[in-house]
Amino acid sequence: MLNYSRYKKNPVIDYPGREWPNKEITKAPAWCSVDLRDGNQALIDPMDVNEKVELFLYLIKLGFKEIEIGFPAASQIEYDFLRQLVDRKLIPDDVIVQVLSQCREEQLDKTFESIEGCKQAIVHIYNSTSTLQRDVVFGMDREEIKKIAIEGTRMVKERAAKFPGKIILEYSPESFTGTELDFALDICTAVQREWGPTKENPMIINLPSTVEMNTPNVYADQIEWMNKHFENRESIILSVHPHNDRGCGVAATELALLAGAERVEGTLFGNGERTGNVDVLTVAYNMFSQGIDPKLEIEHINDIIEIYERLIKIPIHPRHPYAGKLVFTAFSGSHQDAINKGVHAMKERGSKIWQVPYLPIDPSDIGREYEPIVRINSQSGKGGVAFVMDMYFGFKLPKAMHKEFAKVIQSISEKQGEVSPDEIMAAFRTEYLEKKEPLHFRKLTVHDCSDANDTEFDTKVIVTYTLNGKEGQFETVGNGPIDAVKRGLQETFDIRIKILDYEEHALQSGSNAQAAAYIHLLDSETGDVTYGVGVSSNITRASIRAIFSAVNRLGLVK
């Protein structure tokens with residue numbers, strides 16, 4: 001039996017005054033990429049300096065204005081990397097590098113040495129404050145832990161006073177989610193008072209869910225409680241750094257933004273230690289899907305995937321939100337039908353607002369294509385097959401024909417699995433367009449006899465055909481070419497047929513446009529029905545081909 005009794009619930013806070021549930025996200029936060037630190041230290045094969053430089057430049061291209069470099073005091077590669085950025089003048093004036101350091105004098109000396117030449121930098125200090133780590137890791141009480149943070153802040157302040165550029169302090173009470181709120185506020189306030197931020201020169205207080213310990217609403221309560229209790233609030237930029245241990249990193253981030261967070265630290269596709277950091281791209285695309293400018297240049301997701309997989313060496317899961325190969329793909333027949341109808345409704349209405357069932361965004365807006373949207377397998381339905389025929393090949397199958405042709409494709413998919421669009425079109429040709437045996441339509445001559453006084457019909461046709469390779473011909477009259485051909489087939493081959501429905505449409509524009517015709521035909525003796533399809537640059541010939549196609553499919557002529 002699963003030994004759940006070994007675990008206990010993490011505490012929630014008694015906070016009936018919460019306001020965040022009634023709020024909405026209306027703008028993007030300040031984004032800080034920690035791919036080069038959190039993301040890199042989580043890799044089996046960490047990036048080398050050249051790979052780091054490439055990723056740094058790409059993060060700038062994506063629009064990140066704050067990028068954490070790592071621990072230049074603790075890693076020679078990260079120190080050398082930062083020096084390359086400075087010496088090669090690769091840091092734009094509007095981009096701030098962020099460096100992380102423990103609250104130790106020798107580490108801070110090395111950290112400030114690494115940023116020499118930077119016009120501005122964020123110096124990020126931290127120490128663990130949680131109840132558990134105070135007990136089992138440090139063996140310190142609250143005052144001793146607070147003293148570490150105050151002394152670290154003082155050391156940064158002393159070095160910042162001598163630094164020729166601008167220094168922004170960031171402080172993180174590591175393991176914030178496991179820290180009593182009164183103590184988290186106490187230690188953050190102590191750091192704030194020591195640093196002395198102002199509205200014009202604020203500091204960053206970063207409240208990380210270093211380990212995600214509870215449901216996202218609890219994190220939001222913690223953030224809002226801190227947000228409401230800070231002193232001199234306008235001197236603080238409230239930042240969050242969510243992890244994904246419970247799989248709720250995105251939700252926790254979004255609720256934290258409702259609770260007052262103004263800044264988010266995260267990584268591309270959620271890479272990071274254990275289950276990873278919050279996926280910045282998913283949060284940004286979520287905003288985009290709600291009509292909010294995410295303030296990142298993320299319209300070419302395939303390029304982001306290529307860079308990420310090559311440098312990070314971790315594949316994107318096929319079901320990853322927005323980025324996975326299958327996320328804009330519908331196998332379910334009902335989903336395919338809804339997508340099909342939604343796309344057509346938008347076109348017919350000329351709508352500028354995207355509203356398609358099962359597709360929260362237009363894939364083309366982020367560099368994806370329509371082609372992968374609908375894929376056909378044994379689980380697919382009639383709507384999906386019709387969608388492929390329309391979107392890929394321009395055949396707008398009559399609604400009553402959807403089920404008939406879908407059965408053809410389903411029998412193929414049950415044998416081989418997924419059926420590609422080209423395979424669907426090949427089956428369509430075989431079943432309809434090339435259904436020329438045993439009866440093959442060859443030639444049609446049409447005469448208008450509407451002025452003749454001795455006939456009730458207005459059209460005479462002469463049809464040349466082959467039956468099992470042997471040429472034949474019939475001549476007959478009717479009310480229009482289609483009616484005349486139907487009568488001629490009945491008389492020549494002693495069959496009883498009825499045309500139930502007829503539809504036609506152009507396949508392409510221009511003077512050489514092809515037309516498609518669909519004939520729904522009934523065998524009056526057996527009650528069997530089927531469709532026939534014909535294509536020609538002449539709509540009359542397309543219609544006659546469709547009749548012959550249907551006759552062959554019904555097996556009426558031997």
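- A donor-acceptor pair is defined here as one N or O able to donate and one able to accept, closer than 3.5 Å; no such pair exists between the side chain of Arg263 and the backbone of Trp31.
- Not one N or O on the side chain of Tyr392 forms a donor-acceptor pair closer than 3.5 Å with the backbone of Phe387.
- Taking 4.5 Å as the limit, every side-chain heavy atom of Ile91 sits out of range of all side-chain heavy atoms of Ile96.
- Between the side chains of Glu423 and Gln416, at least one donor-acceptor pair of N or O atoms lies under 3.5 Å.
- The side-chain contact (heavy atoms from CB on, under 4.5 Å) test with Ile122 singles out one residue from Lys166, Glu66, Glu68, and that residue is Glu66.
- The only member of Leu238, Val264, Ile237 that meets side-chain contact (heavy atoms from CB on, under 4.5 Å) when paired with Pro29 is Val264.
- Residues passing the side chain to side chain donor-acceptor pair (under 3.5 Å) test with Ser175, sequence neighbours excluded: Gln133.
- Separating the CZ atom in Phe428 from the CZ atom in Phe393 is a distance of 10.5 Å, to the nearest 0.5 Å.
- For Asn302 (side chain) and Gly367 (main-chain N/O), a donor-acceptor pair under 3.5 Å exists by modelled atom type.
- In this structure, Lys61 places its NZ atom where only 12 or fewer heavy-atom neighbours from other residues, nucleotides or ligands lie under 6.0 Å away.
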Please assess Tyr171 against Ile204 for the test side chain to side chain contact (heavy atoms under 4.5 Å, CB included), listing each intermediate value before the final yes or no.
-> CA-CA 6 Å; Tyr171 174 69; Ile204 300 168; over 6 Å; no

Can you check side chain to side chain contact (heavy atoms under 4.5 Å, CB included) on Ile312 and Met47, steps first, answer last?
-> CA-CA 7 Å; Ile312 305 302; Met47 289 177 280; 4.0 Å; yes

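- Distance check, rounded to the nearest 0.5 Å: CD1 of Ile168 to CG of Asn201 gives 8.5 Å.
- Rounded to the nearest 0.5 angstrom, Leu207 CG and Asn227 CG are separated by 9.5 Å.
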Quick one: do Thr275 and His243 satisfy side-chain hydrogen bond (donor to acceptor under 3.5 Å, both in side chains)? Show the steps, please.
-> CA-CA 7 Å; Thr275 57; His243 279 250; over 6 Å; no

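- Aromatic pair His317/Phe269: ring centres not closer than 6.0 Å.
- Considering CD1 of Ile304 and CD1 of Ile298, their distance stands at 6.5 Å, rounded to 0.5 Å.
- The nearest pair of heavy atoms linking Val53 to Gln84 is CG2-OE1, 4.0 Å.
- At a threshold of 4.5 Å between non-hydrogen side-chain atoms, the residues Asp390 and His344 count as touching.
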Apply the test side chain to side chain contact (heavy atoms under 4.5 Å, CB included) to residues Val99 and Val123: give CA-CA distance (whole Å), side-chain angles for both, the deciding distance (0.1 Å), then the verdict.
-> CA-CA 5 Å; Val99 287; Val123 176; 4.2 Å; yes

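- Without hydrogens or angle criteria, Trp354 side chain to Leu359 main chain gives a donor-acceptor distance under 3.5 Å.
- Residues in residues 209-223 take part in these salt bridge (charged side-chain N to carboxylate O under 4.0 Å, His left out) pairs, two or more places apart or across chains: Arg18-Asp221.
- Taking each heavy atom of Pro208 and Phe176 in turn, the nearest pair found is O-CB, 3.2 Å.
- Taking the side chain as every heavy atom from C-beta outward, Asp245 and Arg274 approach each other to under 4.5 Å.
- Dense packing is recorded around NZ of Lys228, with more than 12 heavy atoms of other residues, nucleotides or ligands lying under 6.0 Å away.
- Put simply, the side chain of His300 does not reach to within 4.5 Å of the side chain of Ile366, judged on heavy atoms.
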Start with the C-alpha distance between Ser235 and Gln192, add both sets of side-chain angles, then the distance that settles side-chain hydrogen bond (donor to acceptor under 3.5 Å, both in side chains), and finish with yes or no.
-> CA-CA 9 Å; Ser235 69; Gln192 181 186 7; 3.2 Å; yes

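- In summary, Arg310 and Glu51 do not engage in a salt bridge, as defined by a charged side-chain N under 4.0 Å from a carboxylate O.
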Can Asp422 and Ser420 be said to form a side-chain hydrogen bond (donor to acceptor under 3.5 Å, both in side chains), step by step?
-> CA-CA 5 Å; Asp422 286 342; Ser420 71; 5.4 Å; no

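- In this structure, Arg233 pairs ionically with Glu262, as a charged nitrogen and a carboxylate oxygen lie closer than 4.0 Å.
- Heavy atoms only, all atoms of each residue included: Ile339 and Pro357 are closest at CG1-O, 3.5 Å.
- Between the Arg83 side chain and the Val86 main chain, no donor and acceptor come within less than 3.5 Å of each other.
- With hydrogens and angles ignored, the 3.5 Å screen pairs a side-chain donor or acceptor of Arg319 with a backbone N or O of Leu326.
- Within 6.0 Å of atom NZ in Lys27, 12 or fewer heavy atoms from other residues, nucleotides or ligands are found, so the atom counts as exposed in its surroundings.
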Where do Val191 and Met203 land on the side chain to side chain contact (heavy atoms under 4.5 Å, CB included) test, with the steps shown first?
-> CA-CA 10 Å; Val191 169; Met203 68 171 291; 3.8 Å; yes

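- With hydrogens and angles disregarded, no donor-acceptor distance shorter than 3.5 Å links the side chain of Gln102 to the backbone of Ile125.
- Looking at Ser351, its side chain does come within 3.5 Å of a backbone N or O of Ile353 through a donor-acceptor pair.
- Under a 3.5 Å cut-off, the side chain of Glu404 and the backbone N or O of Tyr531 do form a donor-acceptor pair.
- Asn271 contributes atom CG, which lies 9.0 Å from atom CD1 of Ile316 (distance to the nearest 0.5 angstrom).
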Stepwise salt bridge (Lys or Arg N to Asp or Glu O under 4.0 Å) test for Arg193 and Glu231 | CA-CA 9 Å; Arg193 289 173 179 172; Glu231 64 180 42; 2.8 Å; yes

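- The aromatic rings of His229 and Trp225 lie parallel to each other, their planes meeting at an angle below 30°, with 60° marking the opposite boundary.
- Put simply, the residue from Thr253, Asn277, Thr210, Leu255 that forms a side-chain contact (heavy atoms from CB on, under 4.5 Å) with Pro242 is Thr253.
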Would Asn206 and Tyr126 satisfy side-chain hydrogen bond (donor to acceptor under 3.5 Å, both in side chains), going step by step from the backbone distance to the final call?
-> CA-CA 9 Å; Asn206 185 56; Tyr126 70 98; over 6 Å; no

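- Side-chain atoms of Glu504 do not come within 3.5 Å of backbone N or O of Ala515 as any donor-acceptor pair.
- A donor atom on one side chain and an acceptor atom on the other are found under 3.5 Å apart for Tyr518 and His505.
- Just one of Thr282, Asn286, Asp279 meets the side-chain hydrogen bond (donor to acceptor under 3.5 Å, both in side chains) condition when paired with Tyr322; it is Asn286.
- Between Lys396 and Glu503, no side-chain nitrogen of the basic residue sits less than 4.0 Å from a carboxylate oxygen of the acidic one, so the salt-bridge criterion is not met.
- Separation of atoms CD (Glu180) and CG (Asp186) is listed at 11.0 Å; rounding is to 0.5 Å.
- Residues forming a side chain to side chain donor-acceptor pair (under 3.5 Å) with His402 (at least two apart in sequence, or on another chain): none.
- In this structure, Ser172 and His124 approach most closely via the heavy-atom pair OG-NE2, 2.7 Å.
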